[in-house]
Amino acid sequence: MAYWLVKSEEHIYSIGDLKRDRVTSWDCIRNYQARNYLREFAVGDRVLFYHSSSEPTGIGGLAKVARKAQPDQTQFDPKSEYFDPKATKAAPRWFSPELQFEKLFTEFITLAELRKVAALKKMVLLQRGSRLSVQPVTAAEFSAILKLADA
DNA sequence: GCCAACGTTGGC
DNA sequence: GCCAACGTTGGC
């Protein structure tokens, strides 16, 4: 089983929204490295849900991969802001897995708190200038974060 | 709102 | 294939 972290701007789609929806298609990702990771998502993988552009920023809870990545439908829709004229149904460019709500942390874990944890020093999220919106997480990092969340 | 860091685009 | 210009992300 693999572990991941996905970022979402809180005001656009929050862990609370995922709790309400129960399941959502993780679409509109338009970055090749993130896309490559999304294609590695396997059913049952666990996902840390990170809020960016929030006050404070940090990890709000957990999700689980409910379905492996399928072609992201927004790339085919000329009316969508995420339309990609170079994508075709035969050769889709962008993919989206489905995420299922797992839990809301009772204690939101802020970025500042994450930075204080020695075991997380090498976490992708905490590296200088890390803007990637889909990131791999190691098993050790994942369990250190669960411990912080008391989950 | 600022701006550093990074990704993407496109001319050559 | 290089690289300058430009756009975006995201913390502060």
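Numbered from 1 within each chain, the chains take letters A, B, ... in sequence-line order.
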For this session: Would you kindly give the OH-to-C1' distance between A:Y32 and B:dT8, to the nearest whole Å?
Result: 9 Å

For this session: Would you kindly give the CD1-to-P distance between A:I29 and C:dT8, to the nearest whole Å?
Result: 15 Å

For this session: Only counting residues at least two apart or in another chain, list the ones meeting side chain to side chain donor-acceptor pair (under 3.5 Å) with A:E102.
Result: A:R46

Seminar exercise, completed: Residue set satisfying side chain to side chain donor-acceptor pair (under 3.5 Å) with A:S130, at least two apart, ordered chain then number -> A:Q135

Exercise. ring-ring contact (aromatic ring centres under 6.0 Å, His included) with A:F83: which residues, sequence neighbours excluded?
Worked result: none

Problem set entry | Position toward the 5' end of DNA chain B (nearest nucleotide), A:R128 or A:R30 | A:R128

For this session: With DNA chain B as reference, determine whether A:K86 or A:N31 sits nearer its 5' end, using the nearest nucleotide of each.
Result: A:N31

Exercise. Heavy-atom contacts under 4.0 Å between residues 87-96 of chain A and DNA chain C, which residues?
Worked result: none

For this session: For DNA chain B, write out the stems as range with range, using runs of 3 or more consecutive Watson-Crick or G-U pairs with both distances under 3.5 Å.
Result: B:1-12 with C:1-12

Nucleotide N/O to protein N/O under 3.5 Å, stretch nucleotides 10-12 of chain C:
unit_1, atom_1, unit_2, atom_2, d
C:dG10, OP1, A:K7, NZ, 3.0
C:dG10, OP1, A:R131, O, 2.7
C:dG11, OP1, A:Y50, OH, 2.6
C:dG11, OP2, A:S53, N, 3.4

For this session: Find the distance between CG (A:L38) and OG (A:S133) and round it off to the nearest 0.5 Å.
Result: 7.5 Å

Problem set entry | A:F101: partners by ring-ring contact (aromatic ring centres under 6.0 Å, His included), with sequence neighbours left out | none

Exercise. Would the A:W94 and A:Y32 ring centres measure less than 6.0 Å apart?
Worked result: yes

Exercise. Tell me, which pairs form a side chain to side chain donor-acceptor pair (under 3.5 Å) where one or both residues lie in residues 65-77 of chain A, sequence neighbours left out?
Worked result: A:R30-A:D72, A:R30-A:T74, A:D72-A:T74

Exercise. For A:R128, what residues pass the salt bridge (charged side-chain N to carboxylate O under 4.0 Å, His left out) criterion, not counting sequence neighbours?
Worked result: none

For this session: Please report, rounded to the nearest Å, how far the P atom of B:dT8 is from the CZ atom of A:R35.
Result: 10 Å

For this session: Please identify each residue that fulfils salt bridge (charged side-chain N to carboxylate O under 4.0 Å, His left out) with A:D21, with sequence neighbours left out.
Result: none

Exercise. How would you list, by chain and number, every residue that makes a side chain to side chain donor-acceptor pair (under 3.5 Å) with A:T110, sequence neighbours excluded?
Worked result: A:E113

Exercise. Sequence neighbours excluded, which residues qualify as side chain to side chain donor-acceptor pair (under 3.5 Å) partners of A:W26?
Worked result: none

